[in-house]
Amino acid sequence: MKVLIVGSGGREHAIAQSAAKSPKVDKIYCAPGNAGIGQIAECVPIGAMEFEKLAAFAKGQAIDFTIIGMDDPLVGGIVDVFEAEGLKVFGPRKNAAILEGSKAFSKDLMKKYNIPTAAYETFDDPAKAISYLETAKLPIVLKADGLALGKGVLICNTLEEAKAGVKEIMEDKKFGAAGNHMVVEEFMTGREVSVLSFVDGKTIKIMSSAQDHKRAKDGDQGLNTGGMGTFSPSPFYTKEVDEFCRSHIYQATVDAMAAEGRPFTGIIFFGLMLTKEGPKVLEYNARFGDPEAQVVLPRMKNDMIEVMEACVEGRLSGIDLQFEDNAAVCVVLASDGYPVSYGKGFEICGLEKFEGAEGYYCFHAGTALKDGKIVTSGGRVLGVTAKGKDLKEARANAYKATEWVDFDNKYMRGDIGRAIDEAE
Ligand code: AMP
Ligand code: GLY
């Protein structure tokens with residue numbers, strides 16, 4: 001079959017690689033893709049938000065199955081456009097992708113269906129938000145309602161910071177229309193875990209857990225980023241945590257969406273915080289995490305395409321989802337300065353060292369082909385991933401492999417997987 005993947009990051013490279021392993025797949029296209037994806041797929045120069053062009057391409061090439069990797073097109077309704085053309089597509093429709101697209105929607109859903117999450121209030125008037133904040137307990141969390149590249153969350157330690165935050169989000173519109181509404185949320189403490197799942201509208205199957213490192217600098221300092229590295233599984237995701245989430249969060253979310261007339265098909269990513277009172281939902285995403293996908297997908301034993309087809313056809317209950325009994329660590333190689341400003345166009349050397357290196361992966365995030373050479377083209381450049389028999393071995397392997405590649409301004413965190421030692 002012919003598969004089209006929509007997106008251009010490390011996540012889409014990991015998806016493309018899993019698709020390439022499927023015996024069902026003859027040919028992969030990726031729009032727009034990147035230089036690494038281009039080695040296993042044909043990259044098509046159509047943007048992820050050009051729904052009509054993408055659907056026309058899929059029809060013209062007789063694509064059998066399309067996978068949407070990114071949040072923006074999902075929230076914008078790409079799945080509805082494809083379905084209207086009779087095309088088979090993996091991902092939630094617009095009315096279900098709102099689970100990620102609006103934090104106010106997801107908070108209201110959790111409240112209505114008793115799914116554990118932080119206490120909150122929603123505002124569309126900055127003056128009302130400020131008078132609420134004047135009596136609220138600190139620290140407090142402000143969230144722009146809509147999509148903001150993972151950056152629309154402000155943790156405020158003082159009333160002054162909170163007031164400035166309201167101005168940034170709702171008045172200055174630092175995150176654009178995402179800030180028309182704002183959620184003010186109780187500050188929670190605890191370990192964060194990312195749990196990805198396949199969903200077919202009714203049934204949910206949980207993947208192996210992972211943990212991200214969102215801050216730019218070692219010791220969880222610096223600005224929030226899309227994610228600087230991941231490991232899977234999380235040693236903090238115990239059997240007890242899993243049982244709690246299965247009975248209070250996972251199926252409850254799928255059932256709530258169905259009950260609201262918004263059946264969810266695709267990936268639900270549960271951002272969880274393991275608080276003293278038990279696991280609570282920090283956020284939902286309607287797609288694979290990036291870089292979570294880079295440590296979870298390589299450990300999946302199933303044919304990913306078969307699982308995704310089962311989701312679209314509503315027969316996920318018949319799938320036995322299985323993961324390898326090992327671990328994986330991904331260290332993101334970024335361009336120094338990310339997530340603020342950084343240079344681009346630096347040649348990347350050493351990529352060939354990954355060829356034939358079993359259990360090692362170099363997922364491309366921001367790379368491009370220029371005059372026959374692979375160069376940096378984004379803030380997050382590569383996701384260097386390695387497996388190991390356990391987390392420590394995987395971490396040592398991943399850091400060893402970060403030495404194989406080089407480019408000007410190469411930057412990485414030195415402490416990805418620091419929680420692995422804290423778990424002992
Ligand atoms: P989100 O995009 O909602 O996942 O938020 C980004 C990051 O902000 C999360 O990964 C947490 O580290 C942090 N965060 C979000 N909400 C809260 C909260 N209620 N309490 C503490 N930290 C939070
Ligand atoms: N790594 C976090 C995310 O994909 O949202």
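Just follow the structure's listing: the first ligand is 1, and inside any ligand the first atom is 1.
Cation-pi geometry between R191 and F236 is met: the NZ or CZ atom falls under 6.0 Å from the ring centre, inside 45° of the normal.
Between D290 and ligand 2, a contact under 3.5 Å exists for at least one N or O pair. Backbone and side-chain nitrogen or oxygen atoms of D212 are examined, and one is located within less than 3.5 angstrom of a nitrogen or oxygen of ligand 2. For ligand 1, one of its N or O atoms has an N or O atom of M188 under 3.5 Å away.
Residue E186 touches ligand 1 through its backbone alone, judged by heavy-atom distances below 4.0 Å. The side chain of E292, and not its backbone, has at least one atom closer than 4.0 Å to an atom of ligand 2 (non-hydrogen atoms only; side chain from C-beta on). Proximity of I155 to ligand 1, defined as any heavy-atom pair under 4.0 Å, is confined to the side chain (atoms from C-beta onward). Residue-level proximity to ligand 2 for N285 is carried by the side chain, the only part with a heavy atom below 4.0 angstrom.
Residue M273 approaches ligand 1 through these ligand atoms, each under 4.0 Å from one of its heavy atoms: 21 (C), 22 (N). Close contacts between ligand 1 and L282 involve ligand atoms 3 (O), 14 (N), 15 (C), 16 (N), 17 (C), 18 (C), 23 (C) [criterion: under 4.0 Å to a heavy atom]. Taking every non-hydrogen atom of G289 and a distance limit under 4.0 Å, the qualifying atoms of ligand 2 come out as 4 (O). Atoms of ligand 1 found under 4.0 Å from any heavy atom of K143, numbered from 1 in the order shown, are 3 (O), 15 (C), 16 (N). Listed by number with element, the atoms of ligand 2 under 4.0 Å from a non-hydrogen atom of G226 are 1 (N), 2 (C).
Across T189, V153, T275, heavy-atom proximity to atom 6 (C) of ligand 1 is greatest for V153. Looking at K280, K103, E192, it is E192 that brings a heavy atom closest to atom 12 (O) of ligand 1. Considering K214, Q294, R287 only, the shortest heavy-atom separation from atom 3 (C) of ligand 2 involves R287.
Classification of the W404-Y360 ring pair by plane angle, with boundaries at 30° and 60°, yields tilted. The aromatic rings of F198 and F288 sit perpendicular to each other, their planes meeting at more than 60°, with 30° as the lower class boundary. The aromatic rings of Y29 and F57 lie perpendicular to each other, with more than 60° between the two planes, well past the 30° mark.
Using modelled atom types, one finds no donor on one side chain facing an acceptor on the other under 3.5 Å when comparing S197 with Y250. For the residue pair S102 / D145, a side-chain donor-acceptor distance below 3.5 Å is found, with atom types taken as modelled. Between the side chains of D303 and S22, at least one donor-acceptor pair of N or O atoms lies under 3.5 Å. Between the side chains of S335 and K344, no donor-acceptor pair is found at a separation under 3.5 Å.
Contact check on E186 versus K137 returns no salt bridge, with no Lys/Arg side-chain nitrogen under 4.0 Å from an Asp/Glu carboxylate oxygen.
More than 12 heavy atoms of other residues, nucleotides or ligands shown are found within 6.0 angstrom of NZ on K410.
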